[in-house]
Amino acid sequence: MTDYVPAKHILTRNKSTQWFGTDHTMNLYRGCPHGCIYCDSRSECYRDDDFDRVKVKENALELLRDELRRKTRPAFIAMGSMTDPYNPLEKELELTRKALMLIHAYECGVAVCTKSDLILRDAGLYADIQAQAPVICKLTITTTDDALAAKLEPGAASSTRRLKALEGLAQKGIFAGVVLMPVLPFLADSVENVLLVVDAAAEAGARFVYPAFGMTLRDRQRAYYYQRLDREFPGVREQYEKQYGDRYWCVSLRAKELWEAFSRRCGERGLFYQMEHIVRAAKGPYDTQLTFFD
C-alpha cells in the first residue's frame with residue numbers, strides 16, 4: 001500500500017547556486033529505502049520519523065506543473081537531495097519520469113543524484129532535456145568494493161551496477177559522473193579506495209568526480225551510524241568518538257593526502273573535479289539561458 005503525505009509545493013528555491021549550479025530543488029517522495037548507514041537525512045531537523053519508508057507527496061505532478069506554468073524563465077532543478085528519486089516505488093508510479101517530461105516541456109535543466117541503476121530507464125528523457133538545457137546525472141559511489149558497499153548502503157544497487165548505469169548514460173552522450181561522498185573516515189578513506197573509484201568512473205565514461213573526504217554527524221544520524229558501526233565494524237565507533245567527539249564535520253585525517261592523489265589522478269584521466277568546472281562544462285551554451293525563476 002502506498003503512503004501519501006500532504007504537500008503545498010514541490011519546488012524549493014535554493015539559497016545559492018553553489019551546489020552543481022542548481023537554483024531550485026525538487027523532492028517528489030519522502031524517505032528512502034537504501035538504508036545508508038551514514039545518511040544525514042535521518043537528522044532530527046528534517047522531521048521524518050520513519051525515514052526508511054518511502055512516502056509519496058500528494059498531487060506532486062499537478063503541483064509541479066502549476067509551479068512551472070507560472071514561471072517565465074527556465075530553472076536548473078536538483079533532484080535527489082533528501083530522497084532518491086529512483087526508489088522502488090518509482091518503478092510503478094513513474095513520478096520522476098513524468099516530472100522529467102514536465103521539465104523538458106518547460107525547457108528547464110535538471111541535476112539528478114541517485115544510487116539506483118533505474119536511472120537508465122530515463123536515459124532518453126535526459127538526452128531530450130540536454131538538447132535544450134543543462135543536465136547533470138550523478139551516481140553516488142563511495143567504494144568500488146561491492147561487499148563494503150553492501151554494508152554501507154545495504155538497500156542500494158551495488159557499485160558495479162551503478163557504474164554500468166553511468167556507462168549507459170555516457171554512451172548516450174549525457175553529461176554524467178560520480179559523487180564520491182561521503183568518504184568515510186576509518187572505513188573508506190584510503191588512497192587506494194579513492195583512486196579505484198576515480199579509475200572506475202573514468203573507464204565508465206564519466207565526465208567528472210566530485211568528492212568529500214569525510215562526513216557529517218549530528219543527533220539521530222550519529223546515533224544510527226554508531227549503532228550500525230557496532231554491528232558491522234566493531235571497534236570503529238570508538239575511533240570516531242576519540243577523534244571527533246560531538247563534532248558535526250568529521251573530516252578524514254588523510255584529507256590532504258587524499259586530495260593530492262585524487263586531483264592528480266583526475267587530471268591524468270581528464271575528469272573535472274572542481275565544482276565551478278563541472279558546472280561550467282554542464283551549462284556550456286545554456287549558461288545565459290538558465291537563471292532564477294521570477
Side-chain angles (χ1 to χ4, degrees), residues 10-28 64-65 67-82 84-86 95-116 118-141 162 165-181 201-202 204-211 266 270-294:
I10 292 299
L11 292 176
T12 301
R13 187 188 294 271
N14 297 341
K15 293 181 179 179
S16 78
T17 60
Q18 292 182 352
W19 189 249
F20 287 94
T22 56
D23 50 46
H24 282 72
T25 295
M26 176 179 73
N27 285 295
L28 304 167
L64 177 62
R65 183 184 297 109
E67 291 172 38
L68 292 173
R69 184 183 294 143
R70 291 196 300 268
K71 311 308 176 183
T72 60
R73 294 182 180 138
F76 197 5
I77 300 170
M79 293 195 301
S81 61
M82 289 291 298
D84 198 311
Y86 289 102
L95 293 184
T96 296
R97 180 171 178 79
K98 293 169 184 174
L100 289 172
M101 293 177 182
L102 288 171
I103 287 171
H104 178 236
Y106 286 92
E107 299 182 349
C108 293
V110 63
V112 59
C113 190
T114 184
K115 291 188 179 88
S116 172
L118 183 58
I119 190 174
L120 260 184
R121 179 199 65 186
D122 296 333
L125 270 171
Y126 288 113
D128 290 343
I129 295 170
Q130 189 174 268
Q132 61 188 19
V135 167
I136 304 178
C137 288
K138 299 170 281 179
L139 279 295
T140 299
I141 299 174
R162 288 178 236 173
L166 173 62
E167 183 178 15
L169 294 168
Q171 287 174 349
K172 290 187 175 293
I174 297 166
F175 190 87
V178 166
V179 173
L180 174 55
M181 62 176 67
R207 298 291 305 280
F208 65 89
V209 179
Y210 188 73
C266 284
L271 295 167
F272 297 113
Y273 59 91
Q274 294 177 301
M275 184 65 76
E276 62 181 307
H277 298 153
I278 296 170
V279 173
R280 187 181 303 141
K283 284 190 172 182
Y286 315 111
D287 199 30
T288 56
Q289 175 190 0
L290 266 288
T291 184
F292 289 112
F293 276 157
D294 286 344

Atom [atom1] in [X], atom [atom2] in [Y]: separation rounded to 0.5 Å?
X: Cys108; Y: Gln132; atom1: SG; atom2: CD; value: 9.0 Å
X: Arg207; Y: His277; atom1: CZ; atom2: NE2; value: 13.5 Å
X: Met101; Y: Tyr106; atom1: CE; atom2: OH; value: 14.5 Å
X: Trp19; Y: Thr22; atom1: CH2; atom2: OG1; value: 9.0 Å
X: Gln130; Y: Leu169; atom1: CD; atom2: CG; value: 10.0 Å
X: Ile10; Y: Glu67; atom1: CD1; atom2: CD; value: 6.5 Å

#### Entry: Residues in side chain to side chain donor-acceptor pair (under 3.5 Å) contact with Gln18, at least two apart in sequence or another chain
none
For [Y], does its backbone N or O pair with a side-chain atom of [X] as donor and acceptor, under 3.5 Å?
X: Gln171; Y: Ala204; result: no
X: Glu107; Y: Ala133; result: no
X: Asp84; Y: Lys115; result: yes
X: Arg162; Y: Ser116; result: no

Can you tell if the side chain of [X] reaches within under 4.5 Å of the side chain of [Y], non-hydrogen atoms only?
X: Leu68; Y: Leu11; value: yes
X: Ile136; Y: Val112; value: no
X: Arg13; Y: Asp23; value: no
X: Tyr210; Y: Gln274; value: no
X: Leu166; Y: Val178; value: yes
X: His24; Y: Phe76; value: no
X: Leu28; Y: Thr96; value: yes
X: Ile103; Y: Leu125; value: no

### Partners meeting ring-ring contact (aromatic ring centres under 6.0 Å, His included) with Phe272 (sequence neighbours left out)
none
### ring-ring contact (aromatic ring centres under 6.0 Å, His included) involving Phe175 - partner list, sequence neighbours excluded
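Phe208.
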If you compare all heavy atoms of [X] against all heavy atoms of [Y], which two are closest, and at what distance to 0.1 Å?
X: Leu271; Y: Ala206; answer: CD2-O, 3.1 Å
X: Ile129; Y: Gly109; answer: CG2-CA, 4.5 Å
X: Cys113; Y: Thr140; answer: SG-OG1, 3.3 Å
X: Lys283; Y: Gly21; answer: NZ-O, 3.7 Å

What residues, two or more places apart in sequence or in another chain, satisfy side chain to side chain contact (heavy atoms under 4.5 Å, CB included) together with [X]?
X: Ala170; result: none
X: Ser81; result: Thr25, Asn27
X: Arg121; result: Tyr86, Glu90, Glu94, Arg97, Leu118

### Message
Run Val279 and Met275 through side chain to side chain contact (heavy atoms under 4.5 Å, CB included) and show every step you take.
### Response
CA-CA 6 Å; Val279 173; Met275 184 65 76; 4.0 Å; yes
### Query
Which salt bridge (charged side-chain N to carboxylate O under 4.0 Å, His left out) pairs, counting each pair once, include a residue from residues 166-180, with sequence neighbours left out?
Lys164-Glu167
### side chain to side chain contact (heavy atoms under 4.5 Å, CB included) evaluation trace for Leu64 with Met26
CA-CA 9 Å; Leu64 177 62; Met26 176 179 73; 3.7 Å; yes
### Task
Start with the C-alpha distance between Met79 and Leu100, add both sets of side-chain angles, then the distance that settles side chain to side chain contact (heavy atoms under 4.5 Å, CB included), and finish with yes or no.
CA-CA 10 Å; Met79 293 195 301; Leu100 289 172; 3.7 Å; yes
